[in-house]
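In what follows, a single structure is set out as structure tokens and then discussed.
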Amino acid sequence: MLGALVLTAPLLATMIPGLGLHLPGWLEALLSTPVVFGAGSGFFRRAWRQALHAQASMDTLIALGAGTAWAFAVFEWWRGAHHLSFETASALVAFLLTGKYLEARAKSRASDAMRTLLDLAPQRALRVESDGSLLEVAVALLQPGDRVRILPGQSIPADGRVRSGQAEVDESMLTGEPMPVPKGSGDPLVAGTVVHGSALEMEVRAIGAETQLARMAALVAQAQGSKAPAQEVADRISAVFVPVILGLALVTFAGWWWLGGGLGQAWRPAVTLLVIACPCALGLATPVAVMVGLGAAARKGVLVRDAAALEALGQATDLVFDKTGTLTEGRPSLRAVVSCGVAEEYELLGLAASLEQDSEHPIARGIRMAFDGSLRPVETFRTHPGGGISGSIGGVQWKLGNEAFLGVSFPTSGEDGIAVGLADETGLQGVFLLGDQLRVEATRVVRDLLGQGLKLHLLTGDRASAARSMAEAVGISEVVAEVRPEGKLAEIKALQARGAVVGFVGDGVNDAPALAQADCGIAMGSGAGEQGTGAAMAAAPLVLLRPGLEGILTARRLARRTHRIIRQNLAWAFGYNLVLVPLAAFGQLERFGGPMLAGLAMGLSSLTVVLNALRLRR
């Protein structure tokens, strides 16, 4: 594909007005022949096999167009003509090979997404032996009933249940909720989720393909593989177009022969018709616009991995948003500090940040990010899974945690967020209110999308109250909350079953099946969770590489422009054939040069399509 583009570039340069570049015929033939019959040999082989079975497809169109253009260029070169159609033959093959390459890359996303999802589970695990010792083994060697020890910060290797210990587990890959979930004896554990605060011992219940993580990867692959390729539409068109053109060429040849023109006169209108009808402009109409559109998208921070998804975004009727990490920042941040004693708010924040300085808990990160002062040393630090932390600062014992852990009731609650209290030996001294913040641009982006006539939905695994509050804040009326990944997938399928063209915007592992199923999945490439973002990017055909939601508006504008350019190109290509094919059949082009004029018109048609597509760069 790359070699074909390199060899075709000098030929296309001769078509640029004002450049004044002219290549000798022998050099044009030398550049074009390996492209048409080397790189494009697959088109000819498939067209020949189909012809043997009396069938026609897009490959037949390409072989007919490129072969006729090349043969006519050789004939005109032999006659000493100035303009040759080598560039048209080469460009058709090169651009279509590029389109097939992009299509192949898109198809490989299924395996990429599965691999990324399955990589969330660790490759090694600490198995507890019968004598109580720990042995590091490959996860593939684990069996149901085995006991495994998971240290803080490690991912869970298989599905199972807690056998002993207490800790918090980050299950955002399943639920989308940013806060870890307390786990104790008998509670279920899912492969790929991450343990925080303390070690756990688990009993393995499911391994390999039986884990929820593996089933989620299978859902992604199934959703990606379920889309019918657009190539089938082109093949249906070519199945009618090719026989009609060949039939017209034969009728033209026979008619002129029968009218007494003889072989010398009959071949010219027939060849002129074939050259005029060569699907060069038709073949270039879509791939050249798509390639220019993909380049324009990349410059604007939108990575397009499947051109069909970009077109679907332009035609979308419904756009579905995940909440956490998509409409929101995806991490708890400090909203307010409430003093319950004599200490000032900033002093309380400094004490809490000092206690949390060595913790990787999401709440700890939110408190630390809000404090810009110097942290104080902490002694006798201790973690209390599911409750909070404790430690001594300057000889004073402090506790930071929830109401149950502190044994008090807070004077204010976190409502849709989280409330964390700070207490010393005398009682509660302050309360910190944290929550997932709405992205600053979310309301404006939602308003713009609604103004374009899109129906917007919020689909999240988070609590119903938090989902409704966030939806009302940005102006989304359709809300479905507390759904797991398979539920998101089902909701997308239900919308599609009602005839909607659906786009889905998400950022996490739990969004991967929905991203793959949607007509256009859009992944937030700068999401809060590094693992989740990687899995979402692997499953989604469109990725926003820059922070924020503005990329959705950019991608949709570009998608609609690209679709409009493609329609214009196809209209030109079909109109060109509709007008000139009858004129060629009745010999009306002979007075203007016949086949030579046809070759020039074919080149100009292709040039028109290319120049029109280049408008997307503006």
Side-chain angles (χ1 to χ4, degrees), residues 168-183 187-188 190 193 212 216 219 318-333 335-336 362-363 366 386 402-404 410 412-420 433-439 442-443 445-447 449-450 454-496 498 500 502-515 517-518 524 527-529 532 536 549:
E168 293 184 324
V169 177
D170 181 356
E171 293 186 336
S172 59
M173 58 167 281
L174 292 175
T175 65
E177 293 194 51
M179 292 304 303
V181 180
K183 296 287 184 178
D187 288 336
V190 178
T193 56
Q212 290 192 44
M216 194 187 307
L219 285 175
D318 293 63
L319 193 59
V320 183
F321 286 91
D322 171 53
K323 182 180 78 69
T324 306
T326 303
L327 288 175
T328 70
E329 296 290 345
R331 58 181 181 271
S333 57
R335 293 178 177 173
I363 288 179
N402 56 34
E403 291 178 319
F410 296 160
T412 182
S413 68
E415 298 179 357
D416 292 328
I418 308 137
V420 179
L433 303 178
L434 299 97
D436 193 4
Q437 297 289 338
L438 187 69
R439 290 183 183 270
T443 302
V445 170
V446 167
R447 184 175 62 248
L449 292 170
L450 288 171
L454 283 169
K455 186 175 183 180
L456 303 186
H457 309 254
L458 181 63
L459 188 60
T460 177
D462 208 345
R463 305 182 312 276
S465 59
R468 283 194 298 271
S469 174
M470 194 65 67
E472 290 174 2
V474 297
I476 297 177
S477 57
E478 301 290 329
V479 181
V480 179
E482 300 180 19
V483 287
R484 295 174 75 84
E486 56 271 24
K488 291 186 176 184
L489 180 65
E491 291 290 335
I492 298 298
K493 287 183 176 180
L495 286 173
Q496 291 171 327
R498 294 199 291 269
V502 183
F504 181 84
V505 189
D507 79 315
V509 179
N510 62 316
D511 299 322
L515 285 166
Q517 176 64 36
M524 304 287 291
L549 294 167

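Because the structure is predicted, anything quoted here is derived from the model rather than measured. All residue numbers refer to positions in the sequence shown, counting from 1.
Contact of the L449 side chain with the F321 side chain is registered, since non-hydrogen atoms from C-beta on lie closer than 4.5 Å. In this structure, F504 and L319 have side chains that are not in contact, with every pair of non-hydrogen atoms separated by 4.5 Å or more. Contact of the V505 side chain with the V320 side chain is not registered, since no non-hydrogen atoms from C-beta on lie closer than 4.5 Å. Taking the side chain as every heavy atom from C-beta outward, Q517 and K488 never approach each other to under 4.5 Å. Between K183 and P188, the closest side-chain pair of non-hydrogen atoms falls below 4.5 Å. Annotation: side chain of V420 is in contact with side chain of I418 (closest heavy-atom distance under 4.5 Å).
The minimum heavy-atom distance between A419 and L433, with the atom names listed, is CB-CD2, 3.9 Å. Smallest separation of non-hydrogen atoms from S333 and Q437: OG-CG, 2.7 Å. In terms of heavy-atom proximity, V479 sits nearest to A471 at CG2-CB, 3.4 Å. Considering every non-hydrogen atom in both L458 and A467, the closest pair reads CD2-O, 3.3 Å.
The side-chain contact (heavy atoms from CB on, under 4.5 Å) test applied to A442 returns L327, L438, R439, V474, L549, not counting sequence neighbours. The side-chain contact (heavy atoms from CB on, under 4.5 Å) search around E472 returns none, not counting sequence neighbours. Applying the side-chain hydrogen bond (donor to acceptor under 3.5 Å, both in side chains) criterion to D318, with sequence neighbours excluded, gives H457.
We find the CZ-OG distance between R468 and S477 to be 14.0 Å, quoted to the nearest 0.5 Å. Of the inter-residue distances, the one linking K493 atom NZ with L489 atom CG reads 4.5 Å to the nearest 0.5 angstrom.
Listed for the E482 side chain is a donor-acceptor partner under 3.5 Å among the backbone atoms of A464.
Partner of D322 under the side-chain contact (heavy atoms from CB on, under 4.5 Å) criterion, chosen from T328, L459, D511: D511.
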Assess whether side chain to side chain contact (heavy atoms under 4.5 Å, CB included) is satisfied between T193 and V169, documenting all intermediate values.
-> CA-CA 7 Å; T193 56; V169 177; 3.5 Å; yes

